[in-house]
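Some notes on the structure that comes next.
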Amino acid sequence: MPIVKVIEVIASSEKGIDDAIRTAVAEASKTVRNIDSVYVQDIKAHVKDGKITTFGCVCKISFRIE
């Protein structure tokens with residue numbers, strides 16, 4: 001039976017939510033192997049002068065322990 005660990009990663013992007021999620025996974029995969037899934041727990045956007053400047057998300061990334 002495999003053991004799965006979950007870490008929480010906060011990421012942001014000026015392009016959009018999709019890019020923020022991809023950034024979270026890309027950064028985590030630099031030091032974590034066997035990533036199986038990502039659960040987006042929270043989404044937010046920063047606003048300046050009535051316009052969205054950055055998108056952010058809190059992701060839970062699951063990976064198998066060898």
From E14 atom CD to I52 atom CD1, the distance as rounded to the nearest 0.5 Å: 12.5 Å
So do the side chains of V38 and I21 get within less than 4.5 Å of each other, counting heavy atoms only? yes
With rounding to the nearest 0.5 Å, note down the distance linking NZ in K5 to OG in S62. 12.0 Å
Separation between OG1 of T54 and NZ of K44, rounded to the nearest 0.5 Å: 8.0 Å
Mind checking whether I7 and Y39 sit in one hydrophobic cluster, side chains of I, L, V, M, F, W, Y counted as touching below 4.5 Å? no
Is there a chain of hydrophobic side chains (I, L, V, M, F, W, Y, each step under 4.5 Å between heavy atoms) that links V40 to I61? yes
Hey, is CD on Q41 packed in by over 12 heavy atoms from elsewhere, all under 6.0 Å? yes
Might you point out which heavy atoms bring A20 and S13 nearest each other, and give the distance in Å? N-CB, 3.6 Å
Co-membership, hydrophobic cluster, residues I3 and F63, 4.5 Å side-chain: yes
Quick check on the hydrophobic clustering: are F55 and I10 connected, directly or via other members, by side-chain heavy-atom contacts under 4.5 Å? no
Apply salt bridge (Lys or Arg N to Asp or Glu O under 4.0 Å) to D18 and list each qualifying residue two or more places apart in sequence or on a separate chain. R22
Can you confirm whether the side chains of T53 and H46 place a donor and an acceptor under 3.5 Å from each other? no
Is there a path of hydrophobic side-chain contacts, each under 4.5 Å between heavy atoms of I/L/V/M/F/W/Y residues, joining V9 to I43? yes
Rounded to the nearest 0.5 angstrom, the OG-CG distance for S29 and N34 is 11.5 Å
